[in-house]
Asker: 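Mind looking over this structure? Questions follow.
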2 protein chains.
Amino acid sequence: MSVLSDHIEAFIKASMGDLPQVELCRQALAAQFHCAPSQINYVLATRFAPDLGYVIQSKRGGGGYIRILRINIDKEAYLMALISQGIGEAIRESQARALIDRLYEREVIQGQEARLMRAAVADQTLKAACHEKDILRAAVLKSMLLALAGGAEVEV
Amino acid sequence: MSVLSDHIEAFIKASMGDLPQVELCRQALAAQFHCAPSQINYVLATRFAPDLGYVIQSKRGGGGYIRILRINIDKEAYLMALISQGIGEAIRESQARALIDRLYEREVIQGQEARLMRAAVADQTLKAACHEKDILRAAVLKSMLLALAGGAEVEV
DNA sequence: TACCCATTGGTCAGAGATAGTCAACAAGCC
DNA sequence: GGCTTGTTGACTATCTCTGACCAATGGGTA
């Protein structure tokens with residue numbers, strides 16, 4: 001079954017080739033495929049999601065763009081596993097701290113980075129109701145792990 | 001994808017080189033880039049703002065000029081100033097990114113740390129209503145800056 | 001000195017150019 | 001039919017650029 005989203009996905013992947021990143025123009029791409037611009041967002045959300053090893057950056061306004069960065073999954077399998085399985089929808093502060101400590105022990109991160117991460121996910125930092133806090137913490141933690149996994153090869 | 005503002009910014013930075021300041025003539029610059037004079041103000045406001053480490057001085061009338069000064073900062077004092085004044089109750093993603101970029105340029109943080117911080121304060125990360133997002137982002141950012149400022153003495 | 005006015009930069013609202021979000025509808029697949 | 005996936009359009013958010021109008025400076029002139 002070959003559907004529009006698949007074509008767009010294939011086109012983007014072909015554009016990327018072996019490069020670590022590619023830059024698109026949403027409007028132009030939508031015009032090229034004769035679809036609504038939001039269709040591009042759908043493809044990005046479903047085929048180039050963080051869990052699938054991609055990071056999306058974009059800018060609006062004149063000269064706007066959408067940039068897709070690829071993560072080297074082989075190299076960072078541990079982080080990706082953490083992101084997709086090790087952290088659920090929510091995570092408590094103590095669990096997050098333990099996870100960060102493990103990263104430090106395994107030398108995935110340095111002291112300064114560990115301090116940054118702890119600060120970002122601290123209970124005191126996340127102003128929200130208790131359960132919301134844990135959800136938020138999970139999101140922040142995942143996002144940072146993704147940055148660790150994907151950032152190394154790309155100038156962000 | 002580069003746009004007029006980017007070109008003007010690049011030109012000014014090239015003019016500066018390693019010097020601590022540079023002097024421009026708004027009209028002449030606008031003529032050089034075939035744009036409205038106010039476009040220069042736009043570039044100054046968005047690319048050479050105080051948050052980005054610059055100070056603008058200017059004089060009108062005959063022999064008028066625009067002078068751009070690069071600020072040199074003391075790391076700890078800068079961080080503390082950012083925490084107490086530079087960041088309010090809320091901060092937008094673009095402002096937060098600019099702030100992090102500046103820390104990176106000034107070598108207060110390294111590339112990996114910058115990526116971590118950007119990830120933590122990204123719009124995509126902070127799942128909340130728009131205004132709540134900005135408040136949350138300010139809290140996360142401040143918390144991380146505090147970690148940077150006080151990090152050396154804190155137990156790992 | 002007092003005033004005029006040419007010259008130069010500042011401000012701001014609005015238009016234009018992109019991209020993001022979300023709810024509703026459509027198409028496929030048990 | 002009901003669930004999942006795909007598609008769209010209306011509305012929103014953000015970034016860029018411009019022009020009309022405002023403000024300041026300094027030289028010229030009465």
Side-chain angles (χ1 to χ4, degrees), chain A residues 1-12 22-52 54-68, chain B residues 1-12 22-52 55-68 90-98 101 121-134 137:
Chain A
M1 190 65 235
S2 172
V3 95
L4 179 55
S5 291
D6 295 333
H7 289 313
I8 297 175
E9 175 191 4
F11 175 83
I12 293 174
V22 67
E23 214 167 278
L24 310 172
C25 176
R26 189 178 81 146
Q27 275 193 155
L29 200 54
Q32 182 178 335
F33 284 94
H34 306 291
C35 65
S38 56
Q39 175 70 19
I40 306 302
N41 295 82
Y42 176 75
V43 173
L44 295 178
T46 56
R47 325 294 224 253
F48 295 88
D51 283 0
L52 300 171
Y54 296 90
V55 171
I56 307 293
Q57 301 175 336
S58 69
K59 200 177 84 168
R60 308 185 192 189
Y65 59 79
I66 295 178
R67 188 151 48 210
I68 304 173
Chain B
M1 290 196 200
S2 166
V3 93
L4 178 57
S5 291
D6 296 333
H7 289 135
I8 298 175
E9 174 191 5
F11 175 83
I12 294 175
V22 68
E23 214 167 280
L24 310 172
C25 175
R26 189 177 82 146
Q27 277 193 152
L29 200 54
Q32 181 179 336
F33 283 94
H34 306 291
C35 64
S38 55
Q39 174 71 22
I40 305 303
N41 295 84
Y42 175 74
V43 173
L44 295 178
T46 56
R47 323 293 221 256
F48 295 89
D51 280 2
L52 300 171
V55 170
I56 307 294
Q57 300 175 337
S58 68
K59 202 177 79 169
R60 309 184 191 190
Y65 59 80
I66 294 179
R67 188 152 48 208
I68 304 174
I91 186 170
R92 290 220 308 253
E93 181 179 29
S94 55
Q95 297 174 302
R97 288 186 70 94
D101 288 350
V121 302
D123 245 23
Q124 275 195 316
T125 301
L126 305 171
K127 324 275 191 194
C130 191
H131 185 55
E132 300 295 319
K133 232 179 223 177
D134 293 344
R137 177 162 27 239

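It should be emphasised that the depicted structure is a prediction, and the values quoted were computed from it without experimental measurement.
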Asker: Quick one: Arg67(B) CZ to dT8(C) P, roughly how many Å, whole number?
Answerer: 17 Å

Asker: Between dT8(C) atom P and Leu29(B) atom CG, what is the distance in whole Å?
Answerer: 14 Å

Asker: Whole angstroms only, please: what is the CZ-P distance between Arg97(B) and dC15(D)?
Answerer: 11 Å

Asker: How close or far is atom P of dT16(D) from atom CD1 of Ile8(B), stated in whole angstroms?
Answerer: 11 Å

Asker: Of all the choices, dA19(C), dT16(D), dT18(D), which nucleotide is nearest to the side chain of Lys59(A) once you look at every atom?
Answerer: dT16(D)

Asker: Taking DNA chain D as the partner, which of residues 38-49 of chain B come within under 4.0 angstrom of it by heavy atom?
Answerer: Ser38(B), Gln39(B), Tyr42(B), Arg47(B)

Asker: Nearest-nucleotide wise, let me know which of Ile66(B) and Gly62(B) is further upstream toward the 5' end of DNA chain C.
Answerer: Gly62(B)

Asker: Output the rounded distance in Å from CZ (Arg60(B)) to P (dT25(D)).
Answerer: 8 Å

Asker: From CD of Gln57(A) over to P of dT14(D), roughly how many Å is that when rounded to an integer?
Answerer: 17 Å

Asker: Between Ser58(A) and dG20(C), is there a side-chain N or O to OP1/OP2 distance below 4.0 Å?
Answerer: yes

Asker: Taking OH from Tyr65(B) and C1' from dG10(C), how many angstroms apart are they, rounded to a whole number?
Answerer: 15 Å

Asker: Holding to side chain to side chain contact (heavy atoms under 4.5 Å, CB included), I want the full list of residues that pass it with Pro50(B), two or more places apart in sequence or in another chain.
Answerer: none

Asker: For the pair made of CD in Gln95(B) and P in dA13(D), what is the distance, rounded to whole Å?
Answerer: 16 Å

